[in-house]
Participant: 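Starting off with a structure, shown below.
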Amino acid sequence: MAKQKKEKLIGQVRTRIAPSPTGYPHVGTAFQALFDWVYARRYDGQYILRIEDTDQKRLVVDAEEVLYQAFSWLDLLPDEGPKVGGQYGPYRQSERLELYQQYAQQLVEQGDAYYCFCSAERLTQIRETQRKTGQPPMYDRHCRNLSLKEAKARIEAGKKVVVRLKVPDDQTIRVYDELRGEVKFDSNIVDDQVLLKSDGFPTYHLAVVVDDHLMGITHIVRGEEWLSSAPKHVLLYQYFNWPIPKLIHTPTLRNPDKSKLSKRKGNTSLWWYREHGYLPTALLNFLALLVWKPNEQTEIFTRKEMVKFFEWREMNVTGPIFDIKKLNWLNGKYLRKLSKEELEKHLSEWADWVEKKGQDQEVVNEVKLFKEWKNSKPNVLRQAVSLAKDRARTLREIPQAIAFYFESDLEYDGHDLLQDHEAVEMIKVLTAVDQQLLEIQKNDSQVWEKTIRQAADKHDLSHKDLFMALRSAVTAQKYTPPLYEVMTILGREESSKRIQQAINFLKN
């Protein structure tokens with residue numbers, strides 16, 4: 001492992017995750033939350049959840065509750081937030097409107113913001129003109145030079161108004177990012193952003209600065225798509241004369257083709273990964289691994305190890321590739337580390353959740369069958385699950401892998417049964433093997449293996465061909481756990497029934 005060397009910090013670390021309840025949790029939200037949580041724990045700090053619900057038009061009714069459920073599943077519950085409280089609440093922005101209005105008014109009085117009365121139609125016309133002339137879409141500052149007296153008179157007359165940030169001309173705005181160093185912006189191409197909308201709700205830019213300051217946030221962690229907005233935020237901190245927290249703009253998660261991770265090209269919903277049987281510990285390990293690991297040799301590590309070693313300066317900023325194959329491999333590793341009891345617990349919890357919350361009907365149907373097997377043949381299920389986990393990559397793959405144990409009518413492939421032999425010949429060998437297995441007094445995989453090898457020798461058949469034919473006869477699968485262990489789980493009578501079924505298939 002890497003050397004444990006901490007940064008020297010002044011004051012307590014306070015990080016925050018601040019999602020908008022406009023949809024169900026995204027893997028990117030989990031990615032951000034993980035590093036917020038880890039860094040706060042590394043420095044004995046606080047990890048805060050703030051709900052940024054100022055975009056009232058896009059709110060999804062149950063999105064906030066689903067978000068809590070997601071953080072609970074990931075074991076990333078906050079130290080402060082709407083549900084647990086804290087001394088810096090309220091933690092929903094919709095409950096803090098008077099604060100934003102107060103600070104917007106302060107900026108106007110200082111001369112660092114101004115009232116704007118432009119209609120939506122005029123703004124649309126401006127943008128269209130700029131588009132046609134190849135100019136960047138920016139407000140043309142039409143209301144910037146209105147006197148405060150005239151602006152207030154218009155407000156008193158009932159005119160619809162917003163508050164805009166007054167960006168200075170001809171300046172270089174410097175933003176220091178902990179991952180990229182100093183990034184410079186020309187103030188002439190920074191828009192006079194709306195800070196307070198006509199309905200009294202703030203935009204993201206005002207609310208995030210006010211809240212991060214008042215809540216004592218020391219490290220602002222957000223996606224790199226927000227880096228272009230950082231100069232506006234830096235100006236606001238300067239106008240309020242507030243210290244600027246450390247800024248960390250994490251790299252954008254990408255598809256294998258290097259495009260931004262999106263629903264169109266991949267699975268971005270955190271719930272998709274839960275529904276399809278990924279373990280939260282494996283998913284978090286994978287998300288961390290996209291940009292950080294304790295050393296070059298270590299790919300599997302716990303959150304405790306992250307807490308012990310993680311520092312921002314070690315994060316890789318090159319666009320990380322969200323490779324589902326790598327996640328499958330990693331999840332399989334975690335599955336195989338589980339004890340029988342742990343695996344059964346995870347399977348049971350996963351199946352219960354899918355039954356109640358599942359969106360993919362195919363997965364829901366698989367879970368229904370799994371529960372039926374659990375009720376009808378619990379001993380077979382328990383043994384089959386234990387055997388299947390060595391090959392499965394997800395919890396979902398376990399019911400898929402063991403389905404053949406519970407199927408009464410198998411669908412055979414003639415080629416797999418014959419193994420390039422004549423039907424008459426294979427029928428004769430399978431009949432002999434079936435008879436010999438029935439004469440054995442107990443279920444014993446070693447005795448069965450010896451018996452089958454002897455039958456192959458007696459009928460001048462290679463051991464491999466007879467094993468493959470028998471595998472097909474009792475499972476109708478090309479790949480399964482060791483044949484004799486499968487047959488032991490099925491038992492002599494069920495194995496014999498399936499061999500007879502295969503023989504009848506060949507006869508017909």
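All residue numbers in this chain count up from 1 along the given sequence. Below, each value reflects all heavy atoms present in this structure, side chains not excepted, and no hydrogens, waters or symmetry copies.
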Participant: How about K374: does its NZ atom have over 12 heavy atoms from other parts shown lying under 6.0 Å from it?
Facilitator: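 No, NZ of K374 has 12 or fewer neighbouring heavy atoms, counting only those of other groups under 6.0 Å.
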Participant: Would a 4.5 Å heavy-atom cut-off, applied to side chains only, mark N328 and Y278 as touching?
Facilitator: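 Yes. Closest side-chain heavy atoms under 4.5 Å.
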Participant: Just checking Q102: does its CD atom have more than 12 heavy atoms from other residues, nucleotides or ligands closer to it than 6.0 angstrom?
Facilitator: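 Result for CD/Q102: enclosed.
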Participant: Could E65 and K83 be called an ion pair, given the rule that one side-chain N must be under 4.0 Å from one carboxylate O?
Facilitator: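 K83 and E65: salt-bridged.
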Participant: If you measure from NZ on K166 to CG on L195, what distance do you get to the nearest 0.5 Å?
Facilitator: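 Reported value, rounded in 0.5 Å steps: 12.5 Å.
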Participant: Looking at every heavy atom in both C118 and C143, which two are closest together, and how far apart are they?
Facilitator: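 Closest pair (atom of C118, atom of C143, distance): SG-SG, 3.7 Å.
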Participant: Taking N255 for its side chain and D257 for its backbone only, find out whether a donor-acceptor pair lies under 3.5 Å.
Facilitator: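 Checked: no pair found.
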Participant: When rounded to the nearest 0.5 angstrom, what distance separates CD in E397 from NE2 in H276?
Facilitator: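 It comes to 11.0 Å.
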Participant: With distance as the sole test, does S72 use its side chain to make a donor-acceptor pair with the main-chain N or O of Y68 at under 3.5 Å?
Facilitator: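 Checked: no pair found.
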Participant: Under a 3.5 Å cutoff, is there a donor and acceptor pairing between the side chains of Y114 and N145?
Facilitator: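 No pair is found: no donor N or O on one side chain lies under 3.5 Å from an acceptor on the other.
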Participant: Would a 4.5 Å heavy-atom cut-off, applied to side chains only, mark L76 and D36 as touching?
Facilitator: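 L76 vs D36: side chains apart.
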Participant: Other residues, nucleotides and ligands only: do more than 12 of their heavy atoms fall within 6.0 Å of CD on Q359?
Facilitator: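 Not buried by this count: 12 neighbours or fewer within 6.0 Å.
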Participant: Count the heavy atoms of every other residue, nucleotide or ligand shown that sit under 6.0 Å from CD of E128, and state whether that count exceeds 12.
Facilitator: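 More than 12 within 6.0 Å, yes.
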Participant: Should K152 and E156 count as an ion pair when the cut-off is N to O under 4.0 Å?
Facilitator: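 No, no charged N to carboxylate O under 4.0 Å.
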Participant: Will you find, in the side chains of Q105 and E109, an N or O donor that is under 3.5 Å from an N or O acceptor?
Facilitator: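 There is such a pair (donor and acceptor under 3.5 Å, judged by atom type) between the side chains of Q105 and E109.
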Participant: Any side-chain heavy atom of I51 within less than 4.5 Å of one from P21?
Facilitator: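 They are in side-chain contact.
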Participant: For a quick check under 3.5 Å, do D53 and S94 share a side-chain donor-acceptor pair by atom type?
Facilitator: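 Indeed, the side chains of D53 and S94 share at least one donor-acceptor pair under 3.5 Å.
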Participant: In Å and rounded to the nearest 0.5 Å, what is the CG to CZ distance from L196 to F201?
Facilitator: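 Output value for this atom pair is 10.5 Å.
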Participant: Mind checking whether W73 and W271 have parallel, tilted or perpendicular rings, split at 30° and 60°?
Facilitator: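 Correct class here is perpendicular.
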Participant: Regarding R180 and D177, does a basic nitrogen lie under 4.0 Å from an acidic carboxylate oxygen?
Facilitator: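 Result for this pair is yes, salt bridge flagged.
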Participant: Could you tell me if H249 and R222 have a donor-acceptor pair between their side chains, going purely by distance under 3.5 Å?
Facilitator: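 R222 vs H249: donor-acceptor pair found between side chains.
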Participant: Rounded to the nearest 0.5 Å, what separation is found between the CG atom of L165 and the CG atom of L236?
Facilitator: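 Rounded to the nearest 0.5 Å, the CG-CG separation comes to 5.0 Å.
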Participant: Taking R16 first and then E52, would you say they form a salt bridge - that is, a charged N and a carboxylate O separated by under 4.0 Å?
Facilitator: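 No salt bridge links R16 with E52.
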Participant: Cation-pi between R164 and Y139: NZ/CZ under 6.0 Å from ring centre and within 45° of the ring axis?
Facilitator: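 Yes.
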Participant: Measure the CG-OH distance between L107 and Y239 for me, rounded to the nearest 0.5 Å.
Facilitator: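 L107 atom CG to Y239 atom OH measures 9.0 Å (nearest 0.5 Å).
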Participant: Side chains of E80 and Y91 only: does a donor on one sit below 3.5 Å from an acceptor on the other?
Facilitator: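 The answer is yes; a qualifying pair exists.
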Participant: Taking Q193 for the side chain and K232 for the main chain, is one N or O donor matched with an acceptor at less than 3.5 Å?
Facilitator: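 Judged by distance alone, no pair lies under 3.5 Å.
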Participant: Once rounded to the nearest 0.5 Å, what's the spacing between atom CZ of R144 and atom CG of D192?
Facilitator: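 Rounded to the nearest 0.5 Å, the CZ-CG separation comes out at 5.0 Å.
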Participant: Does any non-hydrogen side-chain atom of F322 lie less than 4.5 Å from one of L290?
Facilitator: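 Touching, per the 4.5 Å side-chain cut-off.
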Participant: Is any NZ, NE, NH1 or NH2 atom of the basic residue among E299 and K333 found under 4.0 Å from an Asp or Glu carboxylate oxygen of the other?
Facilitator: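 No, E299 and K333 are not salt-bridged.
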Participant: Counting C-beta onward and ignoring hydrogens, is there a side-chain heavy-atom pair between N331 and R393 closer than 4.5 Å?
Facilitator: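 Not in contact.
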